[in-house]
Amino acid sequence: MDVPTQAHLTTLRDLLLYRRRELTSDVHAAELTRQAAVSSSPATEVSTHAEGAAQFAQAEVDAAQEQRDRDELAQVDAALVRLDQGVYGDCADCGEAIALQRLMAQPAALRCAACQVAFEHRPGAAAHRA
Ligand SMILES: [Zn+2]
């Protein structure tokens, strides 16, 4: 069986903590960028409609990326809670152990591969793809 051992769990916790630091700094950087954009380019300084539209489009892209980072950060936090509770590595849907290989590639995984595929093919689930 490829169920995580204590040594694996320690490695996985390190992976999660590392990812958490990355995401936290990404989200923080996005916040700073947004604040800088707001203070440095008030609407009156936008010279053309095209320029304003381009800035708006970029802001939309940045906001989407920031939201993905925040979503992943929440997943990483939830995985760390499961580690502390000793329930880490159990599939949220079927309760079976998630394959170690999958956890190493995706430490915040909430489901086994089969359940994740089923989840993503549910109608309307595409927006919540991990
Ligand atoms: Zn499952």
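Position 1 is the first residue of the sequence, and the numbers go up from there. Ligands are counted one by one from 1 in listed order, and the atoms in each one are counted from 1 as well.
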Check: Do Leu80 and Arg13 come close enough that some side-chain heavy atom pair is under 4.5 Å?
Finding: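 Yes; the side chains approach each other to less than 4.5 Å.
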Next item on the list: Could you tell me whether the side chain of Leu110 reaches within less than 4.5 Å of the side chain of Arg82, counting heavy atoms only?
Entry: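 In short, these two side chains touch, coming nearer than 4.5 Å.
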Margin query: Does Gln65 form a side-chain hydrogen bond (donor to acceptor under 3.5 Å, both in side chains) with Arg68? I'd like the steps, not just the answer.
Written below: CA-CA 5 Å; Gln65 177 62 47; Arg68 275 195 296 276; 3.0 Å; yes
Next item on the list: Can you sort out the partners of Glu72 under salt bridge (charged side-chain N to carboxylate O under 4.0 Å, His left out), two or more places apart, ordered by chain and number?
Entry: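 Counting only residues at least two positions away or on another chain, Glu72 forms a salt bridge (charged side-chain N to carboxylate O under 4.0 Å, His left out) with Arg19.
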Note to self: If you apply the rule side-chain hydrogen bond (donor to acceptor under 3.5 Å, both in side chains), what do you find for His8 with Thr11, and how did you get there?
What the structure shows: CA-CA 5 Å; His8 288 132; Thr11 301; over 6 Å; no
Note to self: Let's test this: below 2.8 Å, count the protein N/O/S atoms around the Zn ion (ligand 1).
What the structure shows: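 Under the 2.8 Å cut-off, the count stands at 4.
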Next item on the list: Check the surroundings of atom CD in Glu31: do more than 12 heavy atoms from other residues, nucleotides or ligands lie under 6.0 Å from it?
Entry: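 Count over threshold, so yes.
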